[in-house]
Structures are given as C-alpha cells and as structure tokens.
Amino acid sequence: MPPVIRISDIAQYVGQEVTLQGWVYNRTDKGKLVFLLVRDGYGFAQCVAFKGDLPVELFDQVMRLPQESSVIITGSVRADQRAPGIPGGYEVGVKDLQVVQAAAEDYPMALKEHGVDFALDHRHLWIRMPSQWAILRVRTVVIRAIREWLDSHGFTHMDTPILTPAACEGTTTLFETPYFDEGMAYLAQSGQLYNEANIFAFGKVYCFGPTFRAEKSKTRRHLTEFWMVEPEAAFCDLDQLMEIEEQFVTHIVQTALRECQAELKSLGRDTSLLEQVAPPFPRISYDEALKMLEDIRAETEDPEQKELLAIEWGMDFGSPHETALTQRFSKPVFVYGYPTQVKAFYMEPWPGRPEVCKSVDLLAPEGYGEIIGGSERISSYELLLQRLHEHDLPVEAFQWYLDLRKYGSVPHSGFGLGVERTVSWITGIQHIRETIAYPRTIKRVYP
Ligand code: 4AD
Ligand code: MG
C-alpha cells in the first residue's frame with residue numbers, strides 16, 4: 001500500500017508511489033489527459049490522469065468531476081518545474097482514483113473573481129482558496145512562534161478572564177452583557193490588568209486569547225474580535241521592554257520566513273525587507289515622529305493627503321499617519337513617549353515631563369503601522385488612584401488592581417501584539433479581515 005502523504009512533503013517522494021486524500025480544486029482537459037489541481041489541507045498539487053491508464057468509465061467520471069469533489073488518488077510523483085501547486089514543481093501521475101463524493105455542480109466560489117462581500121458571506125468556502133489557505137497557514141506558524149519564544153524565555157502562560165467587571169482600554173469600545181445579579185459584565189479588551197497581578201506571583205507572564213473591542217472604526221486594521229498576546233514582566237522598564245519586543249518580533253518573522261516559504265511565495269510576497277528584520281529596531285520619540293510627519297506633509301502635493309496628515313502635538317496618530325511614517329522605514333520602528341492624554345490610564349509618566357508617558361508602540365514597515373502597544377505601568381498607589389479618578393473609572397472595580405501597588409510594587413512593563421495585524425504585515429495582505437478565519441467587524445457576524 002502506498003503511503004498517504006501530505007502535499008507539503010511531496011518533494012521527499014519523487015519516483016515513488018503515494019496516495020493523496022483531498023479535494024479537486026481545478027480541472028482542465030487536454031484530449032487524453034485530465035489535469036486535476038488537488039488540495040489536501042497541506043498544499044496544492046497537480047495530478048495528471050491519462051486515458052490509457054484508467055478504466056474507461058473512471059476516466060469519463062474524472063473528465064466530468066466538479067470542483068470540490070473529494071477524492072483519494074494513488075499515483076507516482078515526478079518532479080516537473082512547470083507543474084503548478086503549493087509548493088509547485090511536482091506532479092502525480094494518476095494510477096487510481098476513488099471519488100469519495102462528486103460535489104454538487106453549483107459551488108458558489110467557482111474559480112472567478114468574487115466581490116469582497118460575496119467572498120465574506122462564503123467565508124466557510126473561501127478559506128479553501130489558495131490565497132486564503134496560505135494566509136491562515138502563516139497565521140498558525142506565527143501563533144506557534146509566539147508561544148515558542150515566550151515559553152523558552154521564562155514567561156509563564158496564564159489565562160485571563162474574558163468576562164470582566166471593568167474597562168482596561170477606555171470605556172468607548174466596551175461590549176457589555178447582563179451578568180445575573182451582578183449588573184453588567186464586559187468582554188475583555190485586554191488581559192493586561194490580570195497579567196499585572198500575575199507577575200507578582202510568577203515574575204514574567206503572558207496571556208493569549210481573543211480580545212473584544214466595539215470599535216466604530218471601519219479601517220482595514222480594525223476588527224471587533226481579534227487575538228492578542230500580552231507579555232508582562234516585573235522589574236522591567238521601558239528600555240528593557242523594547243529589547244524584549246525586538247527579539248520577540250524577530251523570532252516570529254524569521255520563523256514564518258523559514259517555515260512558510262511556499263505559502264509566502266504563492267502569495268507573491270516580496271520578503272526582502274522581512275529578511276532584514278533583526279535587532280536593534282530604530283527608536284524615535286513621539287516628538288521626532290511628529291516632526292517627520294510635518295516634513296512628509298510639507299512634501300506632499302496631493303491636497304487630500306495633506307488634509308489626512310494634518311496633526312498637532314497631543315493628538316494620537318491615525319492610520320494615515322502611521323502609514324506615511326512607516327513607509328520611511330525598512331524595519332519595524334519604535335515610537336515612544338506619546339502624550340499622556342491619548343493613552344490609557346495605567347501608563348507611567350515620563351520623569352520630569354508628566355504630559356508624556358512611558359509608552360511605546362511598535363510600527364511595522366511598508367505602511368502597515370502599529371502591531372504592538374505597550375508601556376511601563378504606574379507603580380505608585382497614589383498616582384494610580386488619581387488617574388482612576390481623572391479617567392472617571394469606578395474605583396471599587398479596581399480595588400484589587402490598586403492592591404498590587406500596596407504589596408511589593410516594582411517597576412513593571414508589558415505589551416500587546418495583535419496577531420491579525422502581524423500576519424497581515426508578514427503576508428503582505430492589505431486588510432486584516434483575511435488573516436482570521438471568521439472575521440468580526442461592525443457590519444459582520446456571519447458566518
Ligand atoms: O494598543 P492596544 O490597545 O494595547 C493594549 O490593549 C494593551 N493593554 C496591551 C498591553 O500592554 N498588554 O492593543 C495592542 C495591539 C495593537 O497594537 C494591535 O496590534 C492590536 O492589539 N489591536 C487590534 N487588532 C485588530 N483590531 C483591533 N480593533 C485592534 N485593537 C488593537
Ligand atoms: Mg495601541
């Protein structure tokens with residue numbers, strides 16, 4: 001019996017007979033030959049059926065096989081540079097073929113251009129297509145690389161709750177749900193506050209899970225449900241945090257480049273800049289970034305772009321600012337020291353400059369923008385209490401969080417990396433909705 005192989009391993013089987021279990025993605029005929037592009041979950045490979053090799057009835061059936069029919073194919077592998085596939089360059093000469101199910105003829109995602117809304121309505125089928133498949137394969141490698149690095153650098157994985165009593169990242173993007181006799185509960189915007197409790201027991205920790213934001217923004221960078229990994233470390237200041245971040249991001253990018261060559265090639269991703277990702281990353285202050293933006297704006301002739309790039313000190317960067325800024329860099333760039341007024345309540349003030357906080361965002365190059373938000377946290381009890389009042393947050397809900405500043409407070413820092421934004425940068429995809437299997441946006445909870 002020939003072995004059932006994965007298409008991703010096909011190169012190891014040249015000259016041997018193998019079995020593929022998969023689905024027909026495309027079919028073309030040329031006289032006595034039928035070319036099937038078969039996918040098996042691990043790749044796409046061309047299988048060629050020759051009339052003389054198969055019983056007449058079976059060959060007839062193969063000639064009429066609808067897209068998405070499930071099949072078990074046995075044949076011999078040969079190397080052929082012209083053969084399409086992921087990885088391309090290998091072909092299976094069909095010796096036997098079993099149709100598990102001949103798919104219905106009305107497959108909605110037939111091989112033609114589809115509008116985005118149509119494709120998203122059929123996301124359960126769209127994920128079968130090579131581009132979507134490749135992006136989601138990169139995603140799984142990115143997630144593994146994230147865990148690998150943290151697990152091997154002393155970070156204890158701690159799960160943090162999804163149903164929470166209070167806001168972490170501002171009250172405007174909270175999803176709320178009635179919670180028995182306890183009033184309202186909110187879906188977690190971040191596990192950070194719990195991470196901060198956990199470091200006092202475990203030193204360095206991370207949480208990794210779905211995160212919810214009722215974002216009104218309809219940009220290509222925002223989802224209402226996304227995955228965020230949040231490391232947090234005790235005895236760690238802003239500089240040390242940036243060192244952790246650049247090593248961590250480098251490991252993720254280099255792992256994806258090494259393990260997802262076929263996927264990235266199939267997406268047409270130019271990986272030359274990604275290959276340069278290595279510490280140190282450039283570090284610029286908010287003030288310097290603002291100056292760069294003013295220069296970029298001055299050079300712009302397009303009035304619409306000029307309007308979009310308008311900014312003054314104290315304002316947060318929007319997507320157009322981040323895009324313009326990161327087009328100037330070939331590596332990810334740290335922007336630190338944002339105005340206190342645009343950042344969350346828990347950030348440590350800059351020494352001697354309270355209008356600035358010890359925050360740092362990591363912006364991905366090539367116009368991708370923020371993939372990480374992080375900061376040093378307030379370690380003083382009095383200051384934290386004052387900030388809760390200033391931000392009009394319910395102090396009772398934060399009593400436990402205040403406790404952390406009473407019993408052994410230390411300088412500590414952490415950050416959150418968005419999986420979808422990171423994957424869209426690595427894969428070169430414009431809109432993050434393609435980097436998660438079932439995207440949730442303001443306009444979409446189906447399928
Ligand atoms: O900058 P953010 O809001 O930071 C926090 O939530 C901190 N509590 C993290 C921490 O310090 N532990 O979000 C962090 C990252 C962003 O840089 C971005 O990559 C991603 O989460 N993100 C989103 N991704 C998709 N859709 C959204 N609506 C996102 N909001 C944030
Ligand atoms: Mg942020």
Side-chain angles (χ1 to χ4, degrees), residues 139 142 146 150 155 158 160 164 166-175 186-199 204-233 236 238 241-242 244-245 248-249 252 286 316-319 321-322 326 332-336 338-339 342-348 357-364 368-378 401 412-426 429 431-436 439-442 444:
R139 178 187 170 101
V142 162
I146 286 171
L150 294 168
F155 287 80
M158 303 281 293
T160 51
T164 62
C168 176
E169 296 298 317
T171 48
T172 56
T173 64
L174 282 175
F175 276 111
Y186 308 97
L187 300 186
Q189 297 168 309
S190 162
Q192 178 195 322
L193 307 186
Y194 298 94
N195 277 343
E196 288 186 61
N198 293 339
I199 56 166
K204 289 189 221 163
V205 302
Y206 71 98
C207 64
F208 194 178
T211 307
F212 305 89
R213 306 256 172 113
E215 297 270 11
K216 303 265 160 27
S217 12
K218 275 195 274 182
T219 78
R220 60 190 175 84
R221 293 176 182 158
H222 288 93
L223 297 170
T224 53
E225 177 179 310
F226 61 97
W227 283 68
M228 179 158 61
V229 58
E230 298 181 84
E232 188 80 23
C236 177
L238 197 67
L241 186 72
M242 288 192 254
I244 293 173
E245 290 183 25
F248 177 61
V249 168
I252 296 169
Y286 171 88
D316 200 0
F317 298 148
S319 297
H321 305 110
E322 288 183 5
T326 60
V333 53
F334 287 116
V335 180
Y336 61 87
Y338 283 78
V342 300
K343 290 292 182 188
F345 72 95
Y346 51 71
M347 295 194 183
E348 180 76 13
C357 60
K358 291 181 99 177
S359 64
V360 63
D361 281 1
L362 184 68
L363 311 185
Y368 281 92
E370 181 190 335
I371 55 170
I372 288 185
S375 73
E376 194 172 319
R377 324 301 193 187
I378 290 176
Y401 187 64
H412 63 282
S413 304
F415 66 91
L417 171 135
V419 168
E420 291 75 18
R421 291 200 194 165
T422 304
V423 173
S424 82
W425 165 45
I426 293 175
I429 293 303
H431 203 300
I432 67 168
R433 66 187 161 213
E434 290 179 48
T435 64
I436 184 164
R440 297 290 174 250
T441 58
I442 351 178
R444 179 167 296 279

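Positions are given from 1, in the same order as the sequence printed here. Just so you know, ligand 1 is whichever comes first in the structure, and atom 1 is the first atom listed for that ligand.
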*Listed partners of His412 passing ring pair (Phe, Tyr, Trp, His ring centres under 6.0 Å), at least two apart*: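 Ring pair (Phe, Tyr, Trp, His ring centres under 6.0 Å) check on His412 returns Phe200.
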Checking a contact table here: which protein heavy atom is nearest [atom], and how many Å away?
atom: atom 12 (N) of ligand 1; result: Glu230 OE1, 2.7 Å
atom: atom 16 (C) of ligand 1; result: Glu370 OE2, 3.2 Å
atom: atom 11 (O) of ligand 1; result: Arg377 NH2, 2.8 Å
atom: atom 26 (N) of ligand 1; result: Leu223 N, 3.0 Å
atom: atom 6 (O) of ligand 1; result: Arg213 NH2, 2.8 Å

For this session: Count, excluding waters, the protein N, O or S atoms that are closer to the Mg ion (ligand 2) than 2.8 Å.
Result: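 Atoms of protein N, O or S type lying less than 2.8 Å from the Mg ion (ligand 2) total 1.
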May I ask whether Tyr346 has any heavy atom positioned less than 4.0 angstrom from an atom of ligand 1?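 Yes.
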Any N/O pair [X]/ligand 1 closer than 3.5 Å:
X: Ile432; value: no
X: Glu169; value: yes
X: Glu232; value: no

Taking 4.0 angstrom as the limit, do Glu420 and Arg139 come out as a salt bridge?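 Yes, charged N to carboxylate O under 4.0 Å.
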Discussion item. So if I count the atoms of ligand 1 from 1 in the order they appear, which ones are less than 4.0 Å from some heavy atom of Ile372?
Written reply: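 Matching atoms, with element in brackets: 17 (O).
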